[in-house]
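In what follows, a single structure is set out as structure tokens and then discussed.
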Amino acid sequence: MEETFNKARELGELMLKSPLSVRLEAARNAFDNDMEARETLFDYNRKTRRVEELMEKNGSAEEFRQANEELHEALEKLQADKVIEELVTCESRFNNYVNQILNIVKATVLGDESCSGNCSGCSGCH
């Protein structure tokens, strides 16, 4: 079993050296160093929580309308931020990459030799 665990670590290290991982790390660093982007995300999260709180406590229609309008404005600002856009894109691509690798491992363990890991056009794992 130790050899299997070592191979898994080796695979993880290879994945971390992939261009997708390198780009994701750069996007994370850019986000971490961009106070405006961070504040944009934090503001959006605060406004999301405010809307949720109003829904839970049955806030007035006016409170809800105002909070929802502020949330919409925060979302527009979030979507316009290029640093956040790059981070979201990189996270999505890296997650897809990881899922493809996991699908290959799963298919191999289950004996499905037809699985290439590329899920586009696939009807789903068995």
Problem set entry | Beyond-backbone contact of Glu63 with Arg50, side-chain heavy atoms, under 4.5 angstrom | yes

Problem set entry | Check: Gln66/Glu62 side-chain N/O donor and acceptor closer than 3.5 Å | no

For this session: May I ask whether Ile101 and Val22 are part of the same hydrophobic cluster, defined by side-chain heavy atoms of I, L, V, M, F, W, Y residues being less than 4.5 angstrom apart, directly or through others?
Result: no

For this session: Mark yes or no for whether Ser92, through its side chain, and Val88, through its backbone, hold a donor-acceptor pair below 3.5 Å.
Result: no

Exercise. For the atom pair CD (Glu52) and NZ (Lys47), what is the distance rounded to the nearest 0.5 Å?
Worked result: 15.0 Å

Problem set entry | Set of ring pair (Phe, Tyr, Trp, His ring centres under 6.0 Å) partners for Phe94, sequence neighbours left out | Tyr97

Exercise. Should we count CD of Glu36 as having more than 12 external heavy atoms under 6.0 Å?
Worked result: no

Exercise. Is a side-chain donor or acceptor of Ser21 paired with a backbone partner of Lys17 at a separation under 3.5 angstrom?
Worked result: no

Exercise. Would you say the side chain of Leu87 lies within less than 4.5 Å of the side chain of Leu24, judging by non-hydrogen atoms?
Worked result: yes

Exercise. Could Asp34 and Arg38 be called an ion pair, given the rule that one side-chain N must be under 4.0 Å from one carboxylate O?
Worked result: no

For this session: Count the heavy atoms belonging to other residues, nucleotides or ligands that lie under 6.0 Å from CD of Glu3, then report whether that count exceeds 12.
Result: no

For this session: May I ask you to decide whether Glu86 forms a salt bridge with Arg23, counting only side-chain N to carboxylate O separations under 4.0 Å?
Result: yes

